[in-house]
Structure formats: structure tokens, C-alpha cells
Asker: 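Input: one structure, supplied below.
Proteins come first, then strands; the chains are lettered A, B, ... in the order of their sequence lines, and each starts at number 1.
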Protein chains: 2
Amino acid sequence: MALGFLSGNAPRLDGLIERLESAEGLEDLQILIEELRDRYGVDHIVYHWVNSNGEQYGCGTYDLEWVNRYLDKGYLRVDPVVAGCYQRFHPVDWKRLDWSSKAARALMQDAIAYGIGNQGYSIPLRGPNGQFALFSLSHNCSDEEWEDFTISNRRDLILVAHYFNQKALEFEPGRTPDPAQPLSPREIEAMTLLAVGYSRAQAADTLSISEHTLRVYVESARHKLGALNTTHAVARALSRGVIVV
Amino acid sequence: MALGFLSGNAPRLDGLIERLESAEGLEDLQILIEELRDRYGVDHIVYHWVNSNGEQYGCGTYDLEWVNRYLDKGYLRVDPVVAGCYQRFHPVDWKRLDWSSKAARALMQDAIAYGIGNQGYSIPLRGPNGQFALFSLSHNCSDEEWEDFTISNRRDLILVAHYFNQKALEFEPGRTPDPAQPLSPREIEAMTLLAVGYSRAQAADTLSISEHTLRVYVESARHKLGALNTTHAVARALSRGVIVV
DNA sequence: CGCCCCCTCGCTATTTCTGGGGAGTTAGAT
DNA sequence: ATCTAACTCCCCAGAAATAGCGAGGGGGCG
């Protein structure tokens, strides 16, 4: 119940971050997150990868019962923490989010009933290919105590969250970007124009070439990217960072 | 030429981060970035918001001449730093990127000629709605010195980069396009299927709905995203992180 | 209760894209 | 010196996407 570290008394995290850097699996992260919770003296710390399609990846100190309830009830789509962090870059205190909707208030009541705590602080994390994750701390205490705690520890928390996400990305399979055949400059130009909404005719005009020539580029790029159609090719080019929009 | 701070001798950045937090405009960031460069004793530090359309937003210590040359020559589309960071979450040493293409090597030669330095370290930054930025340091020194420098300062750099991006997002709210009308679940499913190469008919079949209904979703998503056609809509949805492929 | 958004379906006409075919020049690489 | 790869141009027919008009049921919120 007592926050271990208030202002001017922040724990040294050096050793912990080093161990975080050398973690080799989700189990290590689980151990570290529990240790981190104890060091900070908060009720819960959770890292979770947020996927629109429900599958979860992460670790933390919430009861499994609560996690399952959260998923079953579809709270992910309602949670102001998720929605708010999705629109933000900087960490945010849960109090500052929009709890006005009925579903959100129901979620909060439910969470408190399950011992999550009345206070919370979440750090949004974003990786390549639209990856999105949250690193959250929650606790039961007064507003003043919580503010004191978050203000004095936010920088360390940003760093810890960053390293957690780095490890999660590292452990997650299927993120291996296949060695893509490089696109030629013209192909890149063509794909970029299509990605910003130009039709083939407009793109050809912009590049001062015939539409047929443009088409050759697009087709060539499509084959190089192993794409089934133009839209697919643009999507692949974007997520591989071949083009930037 | 001499790196001010090698291992075990990192500068204290507390005061600087506090001033960063209270910065009120790009001018303040420019002053801070120059001070940061001097504290670290590196040749250059640059923060820049990356988008394809040439307009740039950011601050740093590069010569204006080099910045203009970079833009004129279209180096943005060739730069392995940009491409590499786009696919990564963690900071990266420029040496570890793929410089095999001719255009990339030409860029590197050119950069060295313009005094950028032979070493570099970049931190990818991602905000809401697919915002993407880089925080980079460059210097002229040996591989060993640079590795020593980056290893001992990487955590501070991650934090500083984070705060720079936070401020940039704060100063340029208009950059984050439209309060992003959220797509409905079905719209997201439809767009995702198109992004992975399905035709309308296939996507409709996959979702077990009529092709017409699918078309309604796509049109609706297109309007919400302010896109000119399906390809454009998929590109926007991807770069804003609305869908993930 | 009314409003708005989400989900579902139908029809028609026009424009655009896709996927085959072939062909010439230039520049860089083997 | 040869060869590959990039760049440029052309025709055609079928498939797909776009734009416009509709309709009705369900759920949440004020």
C-alpha cells in the first residue's frame, strides 16, 4: 500500500535495466516486472502488446482472472487507457483520460473491484509496422501521492518501458522483414505517387512519362514486392519502409 | 573532434531535460540541441520529422547547405538511416545499417564531404497517427570511440529524443492529421484484407458478406481517412497505424 | 423516443486497372 | 565486349474499381 519511492528517493534502476537488456524470454520479463513492482512498491505493473484482434502478448502482475475478464468483456475496445494512449505520445495519468462514457465508468468500477487500484499511469509504445503496446502501473492511493510518485519516476519509467518493448519485439517471431529486392528510383517514385492517392494517369503525368511506362514500373515493383495487386504492393512497400508517406 | 564524454563520464542531463520540458517553441529546441551537442562534444545532433513530401520540420546543427542538398538530391528516399530506423524500434549505429546500394554509398560519401562525420547514431521515434521522426547524432572518430560513446550515453539519448519528439508533437498539432475518425471494426477488417492483397470479391467472401457491403465499408473508410482511392486509403490506414499488416 | 452510427443488401453505368503481347536506347557490371 | 537492368514507348481485351441511386434492422446515448 505504501509507495516505496517518492520524490527525491527514486530507486536506482541501473542493474535492472542491464538485466532487462540481457533478458532472453518472456519468463525473464515476468520476473523483472515483478521485481520492478516490488522496488517501486506499487500494486501492479503490466506490459502488453495491444492488438486490435484480441490476441495478447505481454506480462504483468494482474490476476489472470482479471485479464480474462478484461478480454471476455471486450474492455479493450472501451478502455480509455488504450484509446487515450493511442492518441498520445507522452505517458499519461489515468485521471487525465476521458472516463465520461458509460462503458468506461463500468470498466473502472470493475477494475477497482478486482483490485487494480484507483490510480494508474500508462506509457504508450510504438514500434515498426504499426506495433503498439502499453506499459502501465497502477496503485491504490491518494491523488497527491500518485502525482508525487509519477513525477519523480516518469523518466525511469519511460526508459524501462522502452526496453520492455524492445525485448517484446525481439522475442516476437514473424517480424522478420524478408530481404526485399530493391526498387529502382522510378519504381519508388511511381509507388509513392500511388500511395498518396494519384491515379496511374496522374502519376504518369507528374513524372512526365506515358501511362504505359508508369504501368511497367508499377508492375515491376509489384513483382519485386511479391504483391498480388497494386494496393498490396503499396502496402508492402510502406510497411517495409521502401517508400515513406 | 574529441568526444566529451566516454564511458563512466556521462554528462548530467537533468537540468537540460527540465528545460526541454518547459520549451515553448522551435527556437528553444534549437538552442537546446546546440547546447546538447556541446555537452556531448559531438559534431552534429539533429531532430527531424520524417515525411516523404520534402517539407521538413525539425532542428539541428547541420549546415543549411547540406540540408538543402539532401532534400534536392532526394536522399530521403535512399538514406539507409531513414529506411533502417523505419524498421527498427531500438536506436541504431549507422555502421550497422545496409550501405550496400550504390545510392547509399554515394550519400555517405557526400555526407562525409559536407562534414557530417563518419559515425552516426539514430533513434527512431513514433507518435500517434503514424508520425515518424529521427533523433540523430553524428561525429568524426574511430569505431571504438563511437561505440564507447554510444554505449555509455544511449539511455540518456533515448530520453532526450523522447522529449524532443514530445515537444515537436506539442508544437505542431496540425501535423497529426485530422482527429482521426476511428474506423469501425468491419471497416478495419475490410481494409486489412485489401492491404494483404485480397480483391474486393475475395475480401467479401472471407468476411462472408456481399461484395456490395464490403464496398460500402471500403468507401466509408476511404472517406473517413480522407483518401482519394482505395490504394490511398490503405496507405493512410497503414501509416496512421489504423491497420497492421 | 429520436438520432446517429454500424451492419447488411441490390442495381446500373462509367472509368480505371490488370495482364498478356512486343521493342528500342542507355548505362553499369562481369 | 557482352550482358543485365533500368528506362521509355505502344496495342488490346477482360477484370476490377468508382460513383450514384436506393433500402432496412439493430444498438447505444441523450
Asker: What is the distance, to the nearest angstrom, from the CZ atom on Arg222(A) to the P atom on dG20(C)?
Answerer: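 After rounding, the gap between these two atoms is 8 Å.
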Asker: Starting at atom CG of Asp98(A), determine the distance to atom C1' of dC29(D), rounded to an integer number of angstrom.
Answerer: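 These atoms are roughly 14 Å apart.
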Asker: Rounded to the nearest 0.5 Å, what separation is found between the CG atom of Asp93(A) and the OG atom of Ser122(A)?
Answerer: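 With rounding to 0.5 Å, CG (Asp93(A)) is 9.0 Å from OG (Ser122(A)).
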Asker: Just by modelled atom types, is the Ile151(A) backbone N or O under 3.5 Å from a matching donor or acceptor in the Arg154(A) side chain?
Answerer: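 Checking the backbone N and O of Ile151(A) against the side chain of Arg154(A), a donor-acceptor pair under 3.5 Å is found.
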Asker: Which is more 5' along DNA chain C, the nucleotide nearest Leu194(A) or the one nearest His223(A)? Just name the residue.
Answerer: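 Looking at DNA chain C, the more 5' nearest nucleotide goes with Leu194(A).
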Asker: How long is the line joining CD of Glu187(A) and C1' of dT8(D), in whole Å?
Answerer: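 Result: 13 Å.
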Asker: Nearest whole Å is fine: how far is dA17(D) P from Tyr198(B) OH?
Answerer: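 About 14 Å, once rounded to whole Å.
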Asker: Separation of Glu189(A) atom CD from dC7(D) atom C1', in whole Å?
Answerer: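 Those two atoms, CD and C1', are 12 Å apart.
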Asker: Rounded off to whole Å, could you give me the CG-to-C1' distance for the Asn229(A) and dG14(D) pair?
Answerer: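 Answer to the nearest Å: 16 Å.
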Asker: Starting from C1' on dA6(D), measure out to CE on Met191(A) and report it in whole angstrom.
Answerer: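 So the CE-C1' distance, Met191(A) to dA6(D), works out to 17 Å.
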Asker: Are His162(B) and Phe89(A) close enough that their ring centres sit under 6.0 Å apart?
Answerer: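 Yes, the ring of His162(B) comes within the 6.0 Å limit of the ring of Phe89(A), centre to centre.
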Asker: Is there a residue in residues 199-220 of chain B whose heavy atoms reach under 4.0 Å of DNA chain D, and which residues are they?
Answerer: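 Ser199(B), Arg200(B), Arg215(B), Glu219(B), in order of number.
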Asker: It should be established whether Lys224(B) places a side-chain nitrogen or oxygen under 4.0 Å from OP1 or OP2 of nucleotide dC5(C).
Answerer: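 No, outside the criterion.
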Asker: On the 0 to 90° scale, with breaks at 30° and 60°, tag the His90(A)-Tyr163(B) ring pair as parallel, tilted or perpendicular.
Answerer: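 If you compare the ring of His90(A) with that of Tyr163(B), the planes turn out perpendicular.
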Asker: Hey, is CZ on Arg96(A) packed in by over 12 heavy atoms from elsewhere, all under 6.0 Å?
Answerer: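 Not more than 12 within 6.0 Å, no.
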Asker: Step by step, work out the side chain to side chain donor-acceptor pair (under 3.5 Å) result for Tyr75(A) and Asp110(A).
Answerer: CA-CA 10 Å; Tyr75(A) 281 153; Asp110(A) 212 8; 2.7 Å; yes
